[in-house]
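Accompanying notes for the structure given below.
Chain letters run A, B, ... following the sequence lines, proteins first, then strands; residues in each count from 1.
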Amino acid sequence: MATTSSGGEPEHATADREIVMSRVISAPRELVFEAFTQVRHLSGWWGPEGFTTTTRSFEFRVGGAWDFVMHGPDGTDYQEWITWREIVPPERITLLHGESRDDPNAFESVLAFEPAGDETRIVMHTVFPTKELRDEAVEKYHAIEGGEQTLRNLAAYVAELTRNETTPKGAES
Amino acid sequence: MARAATTSDAFNAIAEPQRREILVLLRGGERPVTELARDLGMSQPQASKHLRVLREVGLVRVRGAGKQRLYDLDAHGLRPVHEWLGGFERFWSGSFDRLDEYVQDLKQERREEPPDGDDQ
């Protein structure tokens with residue numbers, strides 16, 4: 001399960017407009033990194049359960065872009081456009097994520113891949129230009145995820161989340 | 001320490017583990033209180049009490065079907081919880097689930113390839 005903290009550090013100036021998530025994937029980091037580098041890989045996992053993607057163009061290099069459409073399980077299409085700002089194999093990827101090339105509300109995410117024994121910890125740090133844009137992104141992805149099924153799944157997710165909080169095992173650093 | 005009423009909002013309502021269990025059971029579709037009570041190993045009045053709390057905060061709804069009253073998950077009531085968790089986080093959490101599965105397949109593929117098998 002991904003651990004999430006949104007605005008966890010009150011003294012931090014960007015706390016109300018950033019989202020930090022981390023997740024441990026049980027594979028070596030070269031392999032995890034590779035899953036981010038090719039469109040045949042990305043289209044195999046991008047988006048939550050039930051989503052598929054159709055790629056218009058893809059160029060994995062600094063300044064290159066991935067122009068694609070995300071298809072939701074309810075048939076809704078979402079335009080997505082990603083450009084890479086920094087690629088440091090197998091350590092770090094910085095990307096700009098928006099709906100189109102000139103999306104003024106695009107936001108930057110830094111994905112760090114850290115070795116953790118035989119596994120890899122991905123730490124994703126996203127800072128939005130303003131708190132309003134953060135809230136908008138949360139709303140947008142809320143909409144993308146919308147639908148009865150997602151909310152049904154959420155009931156289980158929330159239950160698990162709360163259960164994990166009460167019975168800590170292998171506390172996250 | 002003073003506690004907020006369980007019926008004040010969805011967060012307080014789902015703070016109770018058995019009520020979360022009820023929500024999980026209802027994911028599969030609507031159920032009568034008798035079945036819920038049986039599956040949770042509680043008395044029917046206990047289950048009804050929990051269901052009343054969940055109804056008051058809009059997490060479940062009920063409809064009469066003949067003699068039975070069927071309870072169903074009301075996704076609308078989860079909206080505040082969902083918003084609190086954040087769509088963006090949920091999006092990535094789902095993607096990371098799929099990434100994990102995908103990478104496991106990739107790992108398996110690589111294991112099956114001959115050791116000198118290079119990319120073409």
Query raised in the report: Using 30° and 60° as the class limits, which term best fits the ring planes of B:W92 and B:F88: parallel, tilted or perpendicular?
Result: tilted

Query raised in the report: So A:F68 and A:W46, would you call those rings parallel, tilted or perpendicular, with 30° and 60° as cut-offs?
Result: perpendicular

With only heavy atoms counted, which part of [X] is less than 4.5 Å from chain B, the side chain, the backbone, both or neither?
X	value
A:T120	neither
A:F33	neither
A:L42	neither

Query raised in the report: Side chains of B:Q108 and B:Q104: is there a donor and an acceptor less than 3.5 Å apart?
Result: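 There is no such pair (donor and acceptor under 3.5 Å, judged by atom type) between the side chains of B:Q108 and B:Q104.
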
Query - Largest heavy-atom contact set with chain B, pairs under 4.5 Å, which of A:A35, A:G44, A:G50 - result: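 Top option by heavy-atom pairs under 4.5 Å: A:G44.
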
Query - Residues A:E34 and B:R110 bridged, charged N to O under 4.0 Å - result: yes

Report task. Determine yes or no for a side-chain-to-main-chain donor-acceptor pair under 3.5 angstrom, with B:R61 supplying the side chain and B:D74 the backbone. Result -> no

Query - Leading residue by heavy atom contact count with chain A [cutoff under 4.5 Å; candidates B:L99, B:D105, B:V103] - result: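 Most heavy-atom pairs within the cutoff with chain A belong to B:L99.
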
